[in-house]
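The block underneath contains the structure these notes are about, expressed in structure tokens.
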There are 4 protein chains.
Amino acid sequence: MGAVKTKRMPRAVREQQMLDAAVRTFGQRGYTAASMDDIAELAGVSKPLVYLYLNSKDDLFATCVRREATALVAAVRAGVRTGPPADRQLWDGLLAFFTHTAEHPDGWSVLHLHARTHGEVFAAEVTAMRAEIVAFVTHLIGDAARAAHHDPDLPDHDVAGLAEALVGAAESLATWANATPGVTARQAAATLMNFAWAGLGDLMAGRAWSPPPV
Amino acid sequence: MGAVKTKRMPRAVREQQMLDAAVRTFGQRGYTAASMDDIAELAGVSKPLVYLYLNSKDDLFATCVRREATALVAAVRAGVRTGPPADRQLWDGLLAFFTHTAEHPDGWSVLHLHARTHGEVFAAEVTAMRAEIVAFVTHLIGDAARAAHHDPDLPDHDVAGLAEALVGAAESLATWANATPGVTARQAAATLMNFAWAGLGDLMAGRAWSPPPV
Amino acid sequence: MGAVKTKRMPRAVREQQMLDAAVRTFGQRGYTAASMDDIAELAGVSKPLVYLYLNSKDDLFATCVRREATALVAAVRAGVRTGPPADRQLWDGLLAFFTHTAEHPDGWSVLHLHARTHGEVFAAEVTAMRAEIVAFVTHLIGDAARAAHHDPDLPDHDVAGLAEALVGAAESLATWANATPGVTARQAAATLMNFAWAGLGDLMAGRAWSPPPV
Amino acid sequence: MGAVKTKRMPRAVREQQMLDAAVRTFGQRGYTAASMDDIAELAGVSKPLVYLYLNSKDDLFATCVRREATALVAAVRAGVRTGPPADRQLWDGLLAFFTHTAEHPDGWSVLHLHARTHGEVFAAEVTAMRAEIVAFVTHLIGDAARAAHHDPDLPDHDVAGLAEALVGAAESLATWANATPGVTARQAAATLMNFAWAGLGDLMAGRAWSPPPV
DNA sequence: AATGAATGAGAGTTCATTCAT
DNA sequence: TATGAATGAACTCTCATTCAT
């Protein structure tokens, strides 16, 4: 399973191999259960080399978290275009989000499951990333309210809570979708969009939100 | 920091002291970072006694998880009365949930953060508890739909997703509320209720859901 | 399996129960693998009581060894009558020996297997018992030689070796007989008597030693 | 006491050093009383290295037992040449046996004393080695009987007992010889040969067996 | 006479980390 | 650039032993 043992590779390449191995191992076993031996072996490299390049287990983990967080935020950013109405933007963002987490389950696991349970430092890293996304969503909600020509009496504090709820729901759904065979990113996004945009009340009344055509 | 060293207590009492200390330690540090020494010291007891009563670190953790899960489910159950309309039932459930998680932040941390990241066995334990809550919510949505005289065309699969999203949002909000000073259980419940029941669409249109008077 | 829990017994009786339990446990598990918990439970008594009566694990073991050694030597002594010719005396002694070891396998195990592997002190205890038996055998060989009107040119040192060999063979055969189903004490004694008295040379030549009628 | 701390040795060498230290420690203290710390220190190495190379205390002990058993059997095998008459073969085997046990007292102690008292697995290992020797002796007795043109009426069962007695006597004598200063391997072998081949009866009658000239 | 409650001390084992080459 | 050899420190767990009643 480990990478093919090719000797004398340029540093950048080796480093990526190690990070890949680390994300996979951390994602599947968690921070403490993942041993440096495991990671080095999966990377097809000796342990001292891992230390030479990545310094320490903590640093290695931090680098993984940073890499995965950056990639996730970038993916969401790339999925959204300003211009279309708010619900469309939200839909695009969610679709990008679920698509990325589905394609990088170990990275998602590292971010959502393990980074938060292992020490302030890593939790902070994740919180920072999360904040970016929450800000984006908050911004979206604000735009939507303005666009509705409705001067919202929603205090900022409430909006923060709403964004938090939305993001939280998305996170849970991502984990659930990854663990439930047969659930696609589109389905996850549609479910959440219905839930969040139309709301249970509307759904009960037969009014659902419809995803745009592919 | 440790409990006052009171000697010679009956077994049942000591056992609860140990469990309290364990939940606190596990909740704040996670399974692996929490050492049996830490727990014993916080319980004001020697390590061998912990082993004598609770068997092993795994067993101790399992007992904690079980205890907290049972307590949480019981709290939610106790908060809800059948009879009132679905939105009221949902509100009551959420309020009970957020109240309990706010009062037992370490227990919530154990359940939501640590039990899910440490081994299939514990994850299963939590999944079982979660399943009870999800079932309750699913049931609620079904009732609401029927009460609305609306034969819902929502397939079961979608309902599962909705319940998952709702519970996921609640879980995230609970963690967020615990970490954000000044957010009360009522506020968290109201935010989620608005988000989930009315939906962002309605909120944008100025139609919010109102919590019942205290 | 443990003794019936009868409360408030006279000390002497309780002590024997404990020693029985200890011999059984030590015999089957060895000194270190036998825990004081095991012994106390098998004796149907609380651990502090064992300490109250027998002092410590070492003392308990020593007492077991002493008791079993005394019993074994007594059994052999009781089996032999002076007067009959040497081969008959030897036969009687061996028969008594194998009979006793067969009836007290755990005691034999304690003496032969475990006491010798656990510290000088216990080994010494066993060596003392052994010395008695070896002396008896040495004496027997001397008598026999004199009775044969043959002034033996066997130096004392050789006689010691012969007695050692005989006793060693007997010990091995006892363990072997206990472990081999279907081998009786009489058979073991006959085998050894043939081997030791007639010798392989005579046996090859068709000259065997015959046990006396029952 | 410990070996001189020579750093950075190839694995194979270090491994032998560890095994030497282990045999010595196990032989003198027994399985449980020998701690991994003791062994590591005697080997001039840190404990983790012992684990890295030999896996666990059980594995280490098993390796010791296997090594010593193999060496002992090999020594006996190498001492015997087929061709000469049975008594000569037996003499050669015994001499080789006593020579080896005298030169490796700790190894002998591990095999005879400790391996048999510590768990089925190790006992089995020793039993297997013993079986080889017993088979060799049984074979020898059979050959001798045939060579004597004497169709022996010794049933197989009796032969097994005889071989057992002979081997048992040899084992006891080996331990005795190691513990008794001044007893050489030759003397031990001669004593046993006299005892076993001529028999006490013949010895009493002044007929002894004579060892071949050196 | 007897025991439930409690512990000091030490064992085996693992792991992140570093030399020396 | 890369690694085989090696370890300090910590952790889980067990056990003989005692105290207070």
Side-chain angles (χ1 to χ4, degrees), chain A residues 5 7-11 13-14 32-40 44-60, chain B residues 5-15 32-40 44-60, chain C residues 5 7-11 13-14 32-40 44-53 55-60, chain D residues 5-11 13-15 32-40 44-60:
Chain A
K5 260 204 178 178
K7 301 228 159 180
R8 306 271 151 182
M9 322 233 338
R11 168 159 184 160
V13 179
R14 272 275 191 261
T32 0
S35 81
M36 294 298 270
D37 277 285
D38 294 338
I39 295 171
V45 151
S46 78
K47 234 186 329 179
L49 199 59
V50 179
Y51 278 89
L52 189 62
Y53 285 179
L54 277 320
N55 238 356
S56 76
K57 193 183 185 183
D58 262 41
D59 281 9
L60 173 54
Chain B
K5 264 208 178 177
T6 320
K7 297 227 158 179
R8 304 274 147 181
M9 322 242 332
R11 170 165 182 158
V13 177
R14 269 279 188 262
E15 228 172 275
T32 353
S35 84
M36 293 299 268
D37 275 292
D38 294 340
I39 294 172
V45 148
S46 77
K47 222 187 340 177
L49 201 60
V50 179
Y51 278 90
L52 189 61
Y53 287 175
L54 277 321
N55 243 355
S56 75
K57 196 182 186 183
D58 259 45
D59 279 12
L60 173 55
Chain C
K5 261 205 177 176
K7 300 229 158 179
R8 307 269 154 180
M9 320 231 342
R11 169 159 183 160
V13 179
R14 271 275 191 261
T32 0
S35 81
M36 294 299 270
D37 277 286
D38 294 340
I39 295 171
V45 150
S46 77
K47 233 187 326 179
L49 199 60
V50 179
Y51 278 88
L52 188 62
Y53 285 178
N55 239 357
S56 77
K57 193 182 185 184
D58 263 40
D59 280 10
L60 173 55
Chain D
K5 265 207 176 177
T6 321
K7 297 227 158 183
R8 304 274 147 180
M9 325 241 332
R11 170 165 181 155
V13 178
R14 269 278 189 261
E15 226 171 277
T32 352
S35 84
M36 293 299 269
D37 276 292
D38 294 340
I39 294 172
V45 148
S46 77
K47 222 180 350 170
L49 200 59
V50 179
Y51 277 90
L52 189 61
Y53 286 175
L54 278 319
N55 241 358
S56 75
K57 195 181 185 185
D58 259 45
D59 279 11
L60 173 55

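So you know, we letter chains A, B, ... as the sequences are listed, proteins then strands, and number each from 1.
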Quiz item: If every non-hydrogen atom of V50(A) is compared with every non-hydrogen atom of A40(A), which pair is closest and at what distance?
Solution: CG2-CB, 3.9 Å
Quiz item: In whole angstrom, what separates L49(D)'s CG from dT14(E)'s P?
Solution: 14 Å
Quiz item: Taking only side-chain nitrogens and oxygens of R11(A), does any of them come within less than 4.0 Å of OP1 or OP2 of dT1(F)?
Solution: no
Self-check item: L60(B) CG to dC13(F) P, straight-line distance once rounded to whole Å
Solution: 10 Å
Quiz item: Closest approach of L54(B) and D59(B), non-hydrogen atoms and distance?
Solution: O-CB, 3.3 Å
Self-check item: Length of the line joining D59(C):CG and dA16(F):C1', which is rounded to integer Å
Solution: 13 Å
Exercise. Measure the CE-NZ distance between M36(D) and K47(D) for me, rounded to the nearest 0.5 Å.
Key: 8.5 Å
Quiz item: Name the stems with DNA chain E in them: runs of three or more consecutive Watson-Crick or G-U pairs, distances under 3.5 Å?
Solution: E:2-21 with F:2-21
Practice problem: Specify the closest pair of heavy atoms between Y51(B) and K57(B), including all atoms of both residues, with the distance to one decimal. | Solution: CE2-N, 4.5 Å
Quiz item: Just how far, in rounded Å, is P of dT21(F) from CE of M9(B)?
Solution: 14 Å
Quiz item: Roughly how many Å is it from CD in E15(D) to P in dG4(F), rounded to a whole number?
Solution: 16 Å
Practice problem: Working to the nearest 0.5 Å, report the span between CZ of R14(D) and CZ of R8(D). | Solution: 9.5 Å
Practice problem: Send over the distance from Y53(B) OH to dG4(E) P, rounded to a whole Å. | Solution: 11 Å
Quiz prompt | Which residue lies more 5' along DNA chain F, comparing D58(B) with D58(C) via nearest heavy atoms | solution = D58(B)
Quiz item: Nearest-Å distance, CZ (R14(B)) to C1' (dT7(E))?
Solution: 12 Å
Could you pull out the protein-nucleic contacts involving nucleotides 9-12 of chain F (nitrogen or oxygen on both sides, under 3.5 Å)?
unit_1: dT12(F); atom_1: OP1; unit_2: K57(B); atom_2: NZ; d: 2.7
unit_1: dT12(F); atom_1: OP2; unit_2: M36(B); atom_2: N; d: 3.1

Quiz item: Does R8(D) get its side chain close enough to the base of dA20(E), under 3.5 Å, for a donor-acceptor pair?
Solution: no
Self-check item: Whole angstrom value for the distance that separates P of dT17(F) from CG of N55(C)
Solution: 9 Å
